[in-house]
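This report refers to the structure that appears directly beneath it.
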Number of protein chains: 2
Amino acid sequence: MGQGQLSAVPEPKYWHLRTVLVRTIDAEFSTGQILPNERELAARFGVARATLRQALDQLELEGRLVRRRGIGTVIAAPRVGVPVNREEGWPGAQRSQAWRVVDCTTAPATPQIAARLGIKPGAIVHTVRRLRLVQGKAMAAESLYVPDAAVPNLPGFTAEGDRARSVLRRLERQGIDGESRSVELGVAEAAEAALLERPPGTPVLVVTTQYAAAGKLAALAVSTYRADTCKLTFGETGAVEVTPVPADAAVRTAS
Amino acid sequence: MGQGQLSAVPEPKYWHLRTVLVRTIDAEFSTGQILPNERELAARFGVARATLRQALDQLELEGRLVRRRGIGTVIAAPRVGVPVNREEGWPGAQRSQAWRVVDCTTAPATPQIAARLGIKPGAIVHTVRRLRLVQGKAMAAESLYVPDAAVPNLPGFTAEGDRARSVLRRLERQGIDGESRSVELGVAEAAEAALLERPPGTPVLVVTTQYAAAGKLAALAVSTYRADTCKLTFGETGAVEVTPVPADAAVRTAS
DNA sequence: TAGTGGTCTAGACCACGAG
DNA sequence: TCGTGGTCTAGACCACTAC
């Protein structure tokens, strides 16, 4: 691993440092390998540790590095392509082991949720929290909001696991007419962060899905995907699979 | 604006500070207003400026704040919903003023691009860079890679504006059979950052689209959307528009 | 010129993981 | 116990904007 000596350029040190590190990583390191520790790297490049960390922050945001306290900074595996579509996301897809129910609550809707569901504030809403596992790892946490009116006359279960299953089965049975989605950047709050086994503030891709059935909004799903390890994929009709998924990044840089 | 006094909790100061700031902003500030300056805020909450900045970093990542050097920290407007679909993205949609061509180059493909296009390295590829304007502001920068084989016998224009138009018109005429997309988090490199009028390292949503025509990959688009101001929307068939876009955030918190 | 956010430093201590 | 990354501090200087 080269020595460095940042030239006196008008760009910030941490940005130049990032560029140098990208080159070094691509050339001399491979997935799973551990970088020298931060204090040594900082010394090697002649910068303060905080400045080095600023560069590492960037690389972590890009999914190139994972930093583990007590372990070190390791080269991350390429991001996992996670299909986001009706088959994968809709509660009906119980057959695919993609989602695992965490818990389920039934309560009057908060004003915000009511507004987004298009129902009266205070109307009963079931909230099913689920966890999406990919290759055995928690990749996304979801809150699925279902107006009680959309799944009327639920059996009077007491166990929340039973109610969750009941709600999901109802949705599955009635099917959906369509869905509309949005994706934006967010940070994981405490609860989500815990489910995703990450610290609070972890960047996430927030996927908001509206499921329509019988001309009404049947459910609203807010899913937070780990931005460090996930690449959301949206397959579409008629698409031709050409690329056998080449390496991974470095392509945007190569424009 | 309240005084603060961070309680001695086991969570990091900057995270607690973020929570306090979120509440304060939601309660006492509205879009466009300017927060007290960083030095004063730090003093008010009894923390170092760096710690305060860590909290502000989070809020900026969430799109709640925009910090302008020489001006101050202002409350950001809600994110703009940006439609991402065939009508908006496909070069054929010249009628919509969404995209503006920046430049166009014709050159042998780099190994990375060749691999992703499923062509031989060194084969000729046209690269059209475009800028997506929403409400007059630059929201996304795109590199559209088109194998020369997909648009054969282009007229021998010299001006790159003409060649760009020519390539796009060809694509438009032949139409597409389908497309497949992926979305992931990235940071803006120097060139993209300049187009987006943001500093290098700005977080972006990277949308990669494969356009298929006649059973082959006709084009590959890599678009980088400003993560701070954009919410990507994917409209779908049969979807029911229920929400008239309520306020904005704060809903995920309210789960 | 004065005020803002952006960068950078040198140091300290803490929390976690492995031995 | 030791080494790692995570947090926090107090201060300095720079770059940009407005006046």
Side-chain angles (χ1 to χ4, degrees), chain A residues 4 6-19 21 33-61 64-76 187-188 193-194 197-203 228, chain B residues 4 6-19 21 33-61 64-76 187-188 193-194 197-203 228:
Chain A
L6 272 37
S7 59
V9 283
E11 72 186 351
K13 270 190 189 177
Y14 76 88
W15 183 253
H16 185 231
L17 192 46
R18 169 199 166 274
T19 307
L21 286 171
Q33 282 192 307
I34 300 184
L35 249 53
N37 73 56
E38 297 184 349
R39 289 163 181 87
E40 186 184 332
L41 279 178
R44 199 179 293 191
F45 288 107
V47 299
R49 190 179 157 216
T51 303
L52 173 78
R53 280 181 59 79
Q54 220 175 331
L56 294 181
D57 285 343
Q58 294 277 347
L59 296 176
E60 199 172 26
L61 206 61
R64 291 171 167 274
L65 297 179
V66 179
R67 290 188 278 183
R68 296 189 215 277
R69 174 155 40 181
I71 307 287
T73 302
V74 315
I75 312 297
V187 302
E197 297 166 358
R198 298 257 42 186
T202 299
D228 55 346
Chain B
L6 272 36
S7 59
V9 282
E11 72 186 350
K13 270 190 189 176
Y14 76 88
W15 183 253
H16 185 231
L17 192 47
R18 169 197 166 276
T19 307
L21 286 171
Q33 281 192 309
I34 301 184
L35 249 53
N37 73 57
E38 297 185 348
R39 289 162 182 87
E40 185 185 332
L41 279 178
R44 199 179 293 191
F45 289 107
V47 299
R49 190 178 156 216
T51 303
L52 172 79
R53 280 182 59 79
Q54 221 176 331
L56 294 181
D57 285 342
Q58 294 277 347
L59 296 176
E60 199 172 26
L61 207 61
R64 291 173 168 273
L65 297 179
V66 179
R67 291 188 279 183
R68 295 190 216 279
R69 175 159 31 183
I71 307 287
T73 301
V74 314
I75 311 298
V187 302
E197 297 165 359
R198 299 257 39 185
T202 299
D228 56 346

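First the proteins, then the strands, lettered A, B, ... as listed; each starts at 1.
Between A/E11 and B/P200 the shortest side-chain heavy-atom distance does not fall below 4.5 Å. Side-chain atoms of B/K13 and B/F45, non-hydrogen and from C-beta on, never get closer than 4.5 Å to each other.
Legend: residues meeting side-chain contact (heavy atoms from CB on, under 4.5 Å) with B/P203, ordered by chain and number and at least two apart, are A/L61, A/L185, B/L61, B/L185, B/A227.
Annotation: the span from B/R18 atom CZ to B/R64 atom CZ amounts to 6.5 Å, rounded to 0.5 Å. For the atom pair OG1 of B/T202 and CD of B/E60, the computed distance is 8.5 Å after rounding to the nearest 0.5 Å. To the nearest 0.5 Å, the span separating CD1 on A/I71 from CG on A/N37 amounts to 13.0 Å.
A heavy atom closer than 4.0 Å to some atom of DNA chain D occurs in B/R69, B/G70, B/I71, these being the qualifying members of residues 65-74 of chain B.
Mapped onto DNA chain C by nearest heavy atom, B/E38 and A/R39 fall at different nucleotides, with B/E38 at the one closer to the 5' end.
Atom-to-atom, CG of A/L52 to P of D/dG5 comes out at 9 Å; the value is rounded to the nearest Å. Nucleotide D/dC14 holds its P atom 19 Å from the CD atom of A/E11, rounded to whole Å.
Put simply, the residue from A/L59, A/T73, A/V74 that forms a side chain to side chain contact (heavy atoms under 4.5 Å, CB included) with A/V66 is A/V74.
Checked for salt-bridge contact, A/R67 and A/D57 meet the test: a charged N lies under 4.0 Å from a carboxylate O.
The span of DNA chain C lying next to chain A, judged by atoms under 4.0 Å from heavy atoms, is bounded 5' to 3' by C/dT7 to C/dA18.
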